[in-house]
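Shown next, in structure tokens, is the structure this report addresses.
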Amino acid sequence: MSEHKTIDMAAIQMLDRAKEIGFLTTFDRAKAQEPRCTFGNTGICCRICLQGPCRILPKKPGGNKGICGAADYTIVARNTVRYIAGGAAAHSDHGREIAEVLLSVAEGRVHDYKVTDADKLVKVAKKIGIETEGREVMAICKDVATAALAEFGRVDETKELTWINAYTNEERLNIWRKTAIMPSGINLSLAKLLHQTHIGVDSDPVNIIFGGLKAALCDIDGQHLATDLSDILFGTGVPVVTEANLGAIKEDKVNIALHGHNPLLSQMVVKAAKELQDEAKAAGATGINLVGICCTGNEVLTREGVAIATNFATQELAIMTGAMDAMVVDVQCIMPTLRSAAECFHTKIVTTMPIMKIPGSYHFAFDEHHAVDSAKEIIRLAIDAYKNRDKAKVCIPNIRNKVVAGFTLEAMYNIFAKVNPENPIRVIVDAIEAGEIKGVAALIGCNNLKGTHDHNHTTIAKELAKNDVLLIATGCSAQAHALAGMMNGDAVKEYAGEGLKKFYARLNAVAGLTEELPLMFHMGSCVDNSRCQDLATALATEMGVDYAQVPYVVSAPEAMSEKAVAIGSWNVAYGNPTHVGVIAPTVGSQLVNDVVTKIAEDVFGGFFFWETDPVKASERMVEILEERNWKNAMRKKANDAKEAN
Ligand code: NFS
Ligand code: SF4
């Protein structure tokens, strides 16, 4: 066992390298934070006003409340929902930026972007109730973009968010209406939540949590429209074959990493890279090589087949190879230390969004009118940097694994349609009803160095696959599996149980792909968790059951970001059992912890559970799936008996 807290062999090599050159990585910084403060760790530290920080000190007279009188449950609930607000703001703002560009396209104000997938445009338009018959593409496009932008500023509380209203089954919407968590406008709900959690406003933990769930529904709304509009602009992904891990960085090429979340500029870099290959050659390289990190990586992987370099926790290590010429970052999950890592080498760090700068790096502010020009400038900067690359410092781990990815829901349906052309989703339902697979698990979320990098992700995937659970994945979790060589057909042979193998064999026989299907369907970035939920919705509809009865579970084995908290929360509101592989900072209040892990199930059918041991977590998920299947079978029996009478 290595001294380093990662299971990734390439990362281990690069951590040794970092040590040699004296660069302290996030792994060192995580160690430096130990031991953690128990107050913060359990959520009972409040810093909401300037009298704080207040900590809950139950044994001290007067210490069992904050100075203002806030009890542990109020403090824990407020802290939790403020995470959700941060996450929902990030996801929805990402969606809003895409919507702004789509509107510019519709109005003919930009030339670098266009409608790439007109079928998806029409599909989305129909779904959200926009007239499409006999209309020009650009007229439909304008209405869709306008509808998306209207999600943000709506203040009429008698109206509902368009996207979740359109993509969610009616009974579920009714549960949300009854519990008063159905949002009208994204900005309104997020502002309201910050208001609600200001000092001296809401002290009722349940009311605070419901406010949080409303914000979480804004998160899925923003994600869904981000996914839809990105597909319209850049195309809906189809299966691609590529590779993952640091070995995807090429010694003889100009290497550029695309890192962050928003595909607006990175898509243009992909486009410009194709045009500037000759300039790279003139500089002595054999061409330009793009690699992805985090969700921007997932976006360009899904649509363009760009290789994955690494995921969140190991982003600094891509620079340690000494062969990274530029790293282009947009927003979210970008470590500020990338700049100091780059200083050890010739690497240029390029920031691209007005709200995300790193002192000392290059800034090319994204501008939809000159996106391709900026992308070209960035690539030229990388080519220049390449000329200064110190060959003696290059050390690329020789590790790269085959990846089969690009499974948008549309791509999955195309494959299922080869088995059942009339009703593709039936393919999964039949396999569940036949007992061939136990259900579906969505493996999602980040890395969290409270544990060992990628250990929980990969262990849970193996355990669930062994138990015949069909896997879908997004975000850094999907990347963990790809880095570990589990996102290909060989992994099915190695890890899948007999039932899952049979299911795959049937699909492989007809799929008509050049490669066998992988152990998990990579559905995209974290905003593409909307695709996962669409799959769950389709399953509920096809099985004729409520969401809370579908054999579907969600796991964020190494959750870290505020966005992950928001995603987990809307999953619970949808009725999905949601595993989190770190202990959540709700445990400081028994009451709040019980609400999110137990009472939530009574109200929504979904609930959270915390389990840091990946084997135990998997066992629990399998049990949940089996229980849901058993109940469905019993219900069916009872119904059949009733009909026979
Ligand atoms: Ni999701 Fe994707 Fe990764 Fe976590 Fe960050 S990149 S948006 S937040 S760390 S999975
Ligand atoms: Fe302390 Fe109350 Fe201020 Fe929080 S809001 S820091 S509990 S006084």
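Values below: every heavy atom of this structure, side chains too, minus hydrogens, waters and symmetry copies. As the structure lists them, so they are numbered: ligands from 1, and atoms in each ligand from 1. Sequential numbering from 1 along the given sequence is applied to the chain's residues.
Residues Thr351 and His363 have side chains that bring a donor and an acceptor to within less than 3.5 angstrom of each other. Between the side chains of Thr408 and Asp231, no donor-acceptor pair is found at a separation under 3.5 Å. For His453 and Thr6, the side-chain atoms include at least one donor-acceptor pair closer than 3.5 Å.
Protein heavy atom closest to atom 2 (Fe) of ligand 1, with residue, atom name and distance, is Cys295 SG, 2.2 Å. Shortest contact from atom 8 (S) of ligand 2 to any protein heavy atom: Cys68 N, 3.4 Å. The nearest protein atom to atom 1 (Ni) of ligand 1, hydrogens excluded, is given as Cys526 SG, 2.2 Å; this is a heavy-atom distance. Atom 5 (Fe) of ligand 1 has its closest protein heavy atom at Cys333 SG, 2.2 Å. Nearest non-hydrogen protein atom to atom 4 (Fe) of ligand 2 is Cys46 SG, 2.3 Å. Cys446 SG, 2.5 Å is the protein heavy atom nearest to atom 4 (Fe) of ligand 1. The protein non-hydrogen atom at the shortest distance from atom 3 (Fe) of ligand 2 is Cys49 SG, 2.4 Å.
Atom NZ of Lys348 is separated from atom OG of Ser361 by 11.5 Å, given to the nearest 0.5 angstrom. Expressed to the nearest 0.5 Å, how far CD1 of Ile399 lies from CG of Leu246 amounts to 8.0 Å.
For the pair Arg55 and Phe39, the cation-pi criterion (under 6.0 Å, within 45° of the ring axis) is fulfilled.
Atom 3 (Fe) of ligand 1 has its nearest heavy-atom neighbour, among Gly297, Ala556, Ser477, Cys476, in Cys476.
For Arg78, every heavy-atom contact with ligand 2 shorter than 4.0 Å involves the side chain, none the backbone. Proximity of Met560 to ligand 1, defined as any heavy-atom pair under 4.0 Å, is confined to the side chain (atoms from C-beta onward).
Distances from atom 4 (Fe) of ligand 2 show that Cys54 has no N/O/S atom below 2.8 Å.
Within the listing of ligand 1, atoms 9 (S) sit less than 4.0 angstrom from a heavy atom of Phe312. If you number the atoms of ligand 1 from 1 as listed, the ones under 4.0 Å from a heavy atom of Ser561 come out as 8 (S). Residue contact check: Gly52 has heavy atoms under 4.0 Å from atoms 6 (S) of ligand 2. Close contacts of ligand 2 with Gly66, meaning ligand atoms under 4.0 Å from a residue heavy atom, involve 7 (S).
Among Leu194, Asn187, Ile186, the one residue that satisfies the side-chain contact (heavy atoms from CB on, under 4.5 Å) test with Leu190 is Ile186.
Salt bridge status for Arg531 with Asp534: absent, with no side-chain N to carboxylate O gap under 4.0 Å. At a threshold of 4.0 Å, the pair Lys120-Asp228 counts as salt-bridged, since one of the basic side-chain nitrogens sits closer than that to a carboxylate oxygen.
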Before giving the answer on side-chain contact (heavy atoms from CB on, under 4.5 Å), spell out for Met268 and Phe234 the whole-Å C-alpha distance, their side-chain angles and the decisive distance to 0.1 Å.
-> CA-CA 10 Å; Met268 296 303 111; Phe234 305 121; 4.0 Å; yes
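The six-membered or imidazole ring of His4 lies away from that of Phe27, with a centre-to-centre distance of 6.0 Å or more.
Within His261, the N, O or S atom lying nearest to atom 2 (Fe) of ligand 1 carries the name NE2.
At least one heavy atom of Gly445 sits less than 4.0 Å from an atom of ligand 1.
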